[in-house]
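These notes concern the structure reproduced below.
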Amino acid sequence: ETGVTQSPTHLIKTRGQQVTLRCSSQSGHNTVSWYQQALGQGPQFIFQYYREEENGRGNFPPRFSGLQFPNYSSELNVNALELDDSALYLCASSPGLAEISYNEQFFGPGTRLTVL
Amino acid sequence: GENVEQHPSTLSVQEGDSAVIKCTYSDSASNYFPWYKQELGKGPQLIIDIRSNVGEKKDQRIAVTLNKTAKHFSLHITETQPEDSAVYFCAASKRGDKIIFGKGTRLHILP
């Protein structure tokens, strides 16, 4: 069984640029959630995708957007990067919302984004 | 919305002693309480979880307890070892909803 993978591992961008982060979910999982983790803080929920549709969004502006593909892999896109966007971006997959009553999620290693 | 408070923010214990981390949550509809361990440069790893229909769960040296009435849940690590040093996060969730994390506890195991 393959776990959650993310790419790239590290990324450096400048303010105003755009970035795309990628995630492959664990085998058999159809739900992907994205989190932002600032240094010294807990992960903050960005949004969740279930069967290619957005299913819930946290308190993040519209310049944070995402996609989920038919194979359940996912992308996180951030436009007009700001210095405060520097963080570890985590992807988590779970078996699915309709199939389970408990939101068990498994995390990838994350992408460290630095905005200069 | 849900809010999860976690204490302490830092905890140092002698190797072999026990460590306890405590959390409270605000939303009585939450039914799932996972605990994650995060090592430097890695993503959070699910180490144990407890569901709202259970008061206690144990897995080798780690145990979790849940008090639904008081909205408290705790992580207990016994016979601590150097490899237990990490940041631990508690979290809460309800069906079909996002996971809300606490701010984390940095656990140091002293030799």
Side-chain angles (χ1 to χ4, degrees), chain A residues 3-7 9-10 21 23-26 29-51 53-60 66 87-112, chain B residues 1-10 21 23-25 27 29-54 57 59 64 66 68 73 75 86-107:
Chain A
V4 179
T5 59
Q6 292 186 243
S7 63
T9 54
H10 296 86
L21 310 181
C23 170
S24 291
S25 59
Q26 186 166 319
H29 289 185
N30 59 18
T31 302
V32 173
S33 302
W34 285 92
Y35 293 82
Q36 181 195 66
Q37 186 177 23
L39 205 59
Q41 300 294 316
Q44 298 289 317
F45 176 74
I46 303 174
F47 44 58
Q48 182 179 75
Y49 279 83
Y50 172 60
R51 293 184 174 176
E53 297 285 332
E54 185 179 295
N55 181 72
R57 187 179 184 92
N59 190 26
F60 281 82
L88 181 68
Y89 287 85
L90 295 161
C91 165
S93 74
S94 52
L97 300 176
E99 291 81 4
I100 59 168
S101 297
Y102 304 99
N103 198 4
E104 188 175 36
Q105 296 189 2
F106 298 89
F107 283 81
T111 293
R112 173 74 60 189
Chain B
E2 174 69 279
N3 183 48
V4 177
E5 299 284 341
Q6 181 171 350
H7 300 279
S9 56
T10 305
I21 301 170
C23 291
T24 60
Y25 62 99
D27 189 345
S30 292
N31 68 346
Y32 177 64
F33 306 91
W35 286 87
Y36 289 88
K37 175 183 180 182
Q38 188 172 27
E39 296 173 297
L40 197 61
K42 297 185 178 180
Q45 175 194 4
L46 179 67
I47 56 171
I48 195 167
D49 55 23
I50 189 166
R51 302 174 182 183
S52 58
N53 58 350
V54 174
K57 181 176 178 181
D59 182 4
V64 290
L66 172 64
K68 286 188 296 181
F73 58 116
L75 175 72
V87 179
Y88 291 80
F89 292 96
C90 64
S93 176
K94 55 189 177 185
R95 181 174 184 169
D97 203 0
K98 57 188 174 290
I99 288 181
I100 303 298
F101 285 81
K103 291 191 174 181
T105 296
R106 184 170 296 278
L107 176 63

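Worth saying up front: this structure is predicted, and the values here are computed from it rather than measured. Residue numbering restarts at 1 for every chain, and letters A, B, ... go by the order of the sequence lines.
- Residue B:Gln6: no heavy atom, backbone or side chain, is found under 4.5 Å from chain A.
- Dense packing is recorded around CZ of A:Arg57, with more than 12 heavy atoms of other residues, nucleotides or ligands lying under 6.0 Å away.
- Chain B forms more heavy-atom pairs under 4.5 Å with one residue of A:Gly108, A:Pro43, A:Pro109 than with any other, namely A:Pro43.
- Applying the 6.0 Å contact sphere to CG of A:Asn59 captures no more than 12 heavy atoms from other residues, nucleotides or ligands.
- For the residue pair B:Lys42 and A:Leu88, the shortest heavy atom distance occurs at O-CD2, 4.5 Å.
- If you measure heavy-atom distances from B:Ile99 to chain A, the contacts under 4.5 Å come from both the backbone and the side chain.
- In this structure, the portion of A:Tyr35 lying under 4.5 Å from any heavy atom of chain B is its side chain and not its backbone.
- Of the atoms belonging to B:Pro34, not a single heavy atom falls under 4.5 Å from chain A.
- Residue contact with chain B, scored on non-hydrogen atoms closer than 4.5 Å, involves the side chain of A:Gln37 exclusively.
- When side chains are defined from C-beta on, B:Tyr36 counts as touching A:Gln105, because their heavy atoms get closer than 4.5 Å.
- The line from CD of A:Gln44 to NZ of B:Lys98 is 10.5 Å long, rounded to the nearest 0.5 Å.
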